[in-house]
Peer 1: 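Supplied in structure tokens, the structure appears directly below.
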2 protein chains.
Amino acid sequence: MAKRDDRARKIIEETVLLLKEEGSEGLTLRKVAGRCGITLSNLQYYYPGKTALLQATADHFFLTCEEQIRAERTAALNDDPASSHVFLKRLLTVLITCEQDEFYNTVFRELWALAIRDSALASAMRTYYRRYAAWMTDMMAELFPKAEAIVSLLIPYAEGYALVGESMPLDREEIVSLWYRLITALPDG
Amino acid sequence: MAKRDDRARKIIEETVLLLKEEGSEGLTLRKVAGRCGITLSNLQYYYPGKTALLQATADHFFLTCEEQIRAERTAALNDDPASSHVFLKRLLTVLITCEQDEFYNTVFRELWALAIRDSALASAMRTYYRRYAAWMTDMMAELFPKAEAIVSLLIPYAEGYALVGESMPLDREEIVSLWYRLITALPDG
DNA sequence: ACCTGAACACCGTTCAAGT
DNA sequence: ACCTGAACACCGTTCAAGT
């Protein structure tokens with residue numbers, strides 16, 4: 001069963017790479033099979049249909065992202081009592097300028113595109129974002145009041161900014177400092 | 001040339017209807033041609049490639065949307081000096097609950113999916129959002145200070161909320177009133 | 001200028017057949 | 001349990017040929 005797992009993992013790995021290189025339009029079962037050195041029908045044995053492959057790919061990708069975000073958090077926060085505000089500014093910059101690896105951004109957009117027509121994949125995406133929001137709420141609650149409000153504002157904004165942000169009248173720096181002022185002033189509202 | 005225009009318009013019309021009925025995955029040049037009662041090759045004569053057809057479809061769709069938003073604005077605002085705050089709450093509700101026709105929401109998501117791999121279509125989308133943001137900035141500037149900030153916050157948030165909003169800890173009503181308080185308190189920041 | 005039909009190289013899925 | 005090859009019905013694009 002080690003072989004089974006190895007081959008299944010290799011298929012996911014090549015799917016992510018192909019998604020990065022050619023996008024959702026270029027993602028083809030034959031290409032994935034070819035890169036893995038196996039037959040199209042053999043790939044179909046491990047993932048019976050394109051939907052099954054996409055869902056498994058999204059699952060793997062989401063896990064990787066969550067690990068990376070956790071690492072960033074521990075790197076930013078220290079014993080300094082002022083580090084929570086440093087971290088907030090850092091978090092805003094990361095979310096809004098999408099300076100997280102460009103690779104992840106690309107794959108995420110492709111997954112969104114695929115999820116529109118693949119309701120099982122869309123459901124997996126919803127589950128991920130719910131988990132992501134819950135984790136970020138816990139993290140923010142240790143540092144700021146109204147963590148649920150902050151998360152409910154920031155996560156959708158970050159996703160929307162990736163789509164239409166460059167068409168907005170204010171530039172990135174202005175928006176980051178605007179959000180910083182909004183969030184630190186939140187308890188007054 | 002009236003015939004040329006009629007046929008070109010009919011093709012766009014059927015493309016939008018097919019996009020609504022079957023989504024981007026079901027959008028096929030053969031199907032569009034069939035619904036128009038013409039040949040695949042004849043459709044290719046009017047729109048030389050799928051990209052050309054999609055861009056023309058997006059152009060037409062954006063114009064229709066802009067007209068609808070203008071109509072909503074004039075309907076909400078009147079001589080009552082308090083109507084600007086009524087309008088703000090109404091605008092937030094429309095943007096965040098996506099109560100704009102569900103049909104438009106579907107088509108927009110399909111166009112986003114298609115734009116990811118079609119850079120010419122993506123460019124048309126950017127142009128539309130820039131025009132949309134400029135128009136909304138003018139509109140808000142008559143009623144509130146910091147119109148550019150409001151627009152730079154609201155438009156990306158609305159787009160992102162359509163994607164991930166249902167996975168957030170706060171529900172729609174809480175988010176709408178949160179945004180209302182944030183925007184009316186903006187001048188203080 | 002407008003329209004056609006045939007051919008091209010792809011695609012995801014199915015399935016009987018092998019080990 | 002794992003893997004194969006052939007066939008299926010699609011897809012967008014091209015192009016020589018008609019009016």
Side-chain angles (χ1 to χ4, degrees), chain A residues 1-58 110-111 113-122 124, chain B residues 1-19 21-58 110-111 113-122:
Chain A
M1 58 189 65
K3 179 190 176 190
R4 152 122 220 166
D5 289 353
D6 279 354
R7 183 150 286 186
R9 183 168 37 235
K10 171 75 171 170
I11 291 171
I12 300 297
E13 198 179 306
E14 292 296 339
T15 300
V16 172
L17 289 175
L18 187 55
L19 213 47
K20 179 192 177 182
E21 291 171 19
E22 304 193 23
S24 59
E25 225 179 32
L27 182 65
T28 276
L29 297 185
R30 279 170 231 265
K31 286 186 196 167
V32 174
R35 293 167 70 118
C36 293
I38 63 175
T39 292
L40 168 63
S41 346
N42 195 11
L43 190 156
Q44 303 269 50
Y45 171 75
Y46 286 98
Y47 299 99
K50 199 176 185 181
T51 289
L53 175 61
L54 294 174
Q55 202 168 340
T57 302
E110 301 296 345
L111 286 176
L114 294 162
I116 291 178
R117 287 282 101 200
D118 189 326
S119 62
L121 182 60
Chain B
M1 58 190 66
K3 180 191 175 189
R4 151 123 219 165
D5 289 354
D6 279 354
R7 184 150 286 186
R9 182 166 38 233
K10 172 75 171 171
I11 291 171
I12 300 297
E13 197 179 307
E14 292 296 339
T15 301
V16 173
L17 288 175
L18 187 55
L19 213 47
E21 291 171 20
E22 304 193 23
S24 58
E25 224 181 33
L27 183 65
T28 275
L29 298 185
R30 280 169 230 264
K31 285 187 197 167
V32 174
R35 292 167 70 118
C36 293
I38 63 175
T39 291
L40 168 64
S41 346
N42 194 12
L43 189 157
Q44 302 270 50
Y45 172 75
Y46 286 98
Y47 298 100
K50 199 176 185 181
T51 289
L53 176 60
L54 293 175
Q55 201 168 340
T57 302
E110 301 296 345
L111 286 175
L114 294 163
I116 291 178
R117 287 281 103 200
D118 188 328
S119 63
L121 183 60

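Per chain, numbering begins at 1; letters A, B, ... match sequence-line order.
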Peer 1: Please determine whether a side-chain nitrogen or oxygen atom of A/Arg4 lies at a distance below 4.0 Å from atom OP1 or OP2 of D/dC2.
Peer 2: yes
Peer 1: Below 3.5 Å between N/O atoms, which protein atoms pair up with nucleotides 8-11 of chain C? Just atom names and distances, please.
Peer 2:
| unit_1 | atom_1 | unit_2 | atom_2 | d |
| --- | --- | --- | --- | --- |
| C/dC11 | OP1 | A/Thr28 | OG1 | 3.2 |

Peer 1: Could you walk me through whether A/Tyr45 and A/Thr39 pass the side-chain contact (heavy atoms from CB on, under 4.5 Å) test, one step at a time?
Peer 2: CA-CA 10 Å; A/Tyr45 171 75; A/Thr39 292; over 6 Å; no
Peer 1: Run the side-chain contact (heavy atoms from CB on, under 4.5 Å) test on A/Tyr46 and A/Arg4 for me, step by step, so that the C-alpha distance in whole Å, both residues' side-chain angles and the decisive distance to 0.1 Å come before the verdict.
Peer 2: CA-CA 9 Å; A/Tyr46 286 98; A/Arg4 152 122 220 166; 3.7 Å; yes
Peer 1: Run B/Arg35 and B/Leu17 through side-chain contact (heavy atoms from CB on, under 4.5 Å) and show every step you take.
Peer 2: CA-CA 10 Å; B/Arg35 292 167 70 118; B/Leu17 288 175; 3.6 Å; yes
Peer 1: Taking all heavy atoms of B/Leu43 and all of B/Leu29, pick out the closest pair and write down the distance.
Peer 2: CD1-O, 3.6 Å
Peer 1: Do you know the tightest heavy-atom contact between A/Leu53 and A/Thr57?
Peer 2: O-OG1, 2.7 Å
Peer 1: Below 4.0 angstrom, which residues in residues 32-49 of chain A have at least one non-hydrogen atom near DNA chain C?
Peer 2: A/Leu40, A/Gln44, A/Gly49
Peer 1: Write down the distance separating the P atoms in C/dC2 and D/dA17, rounded off to the nearest Å.
Peer 2: 22 Å
Peer 1: Are A/Leu27 and A/Leu54 close enough that some pair of their side-chain heavy atoms sits under 4.5 Å apart?
Peer 2: yes
Peer 1: Under 4.0 Å between a side-chain N/O of B/Arg7 and OP1 or OP2 of C/dC2, yes or no?
Peer 2: no
Peer 1: Count the heavy atoms of every other residue, nucleotide or ligand shown that sit under 6.0 Å from CD of B/Glu21, and state whether that count exceeds 12.
Peer 2: yes
Peer 1: Which ranges of DNA chain C pair up as stems, where a stem means three or more consecutive Watson-Crick or G-U pairs with both distances under 3.5 Å?
Peer 2: C:4-8 with D:12-16, C:12-16 with D:4-8
Peer 1: For nucleotides D/dC8 and C/dC11, find the distance between their C1' atoms and express it as a whole number of Å.
Peer 2: 12 Å
Peer 1: Where do B/Leu111 and B/Leu121 come nearest, in terms of heavy atoms and distance?
Peer 2: O-CD2, 4.0 Å
Peer 1: Measure from the side-chain N and O atoms of B/Lys31 to the backbone N and O of B/Gly26, and report whether any donor-acceptor pair falls under 3.5 Å.
Peer 2: yes
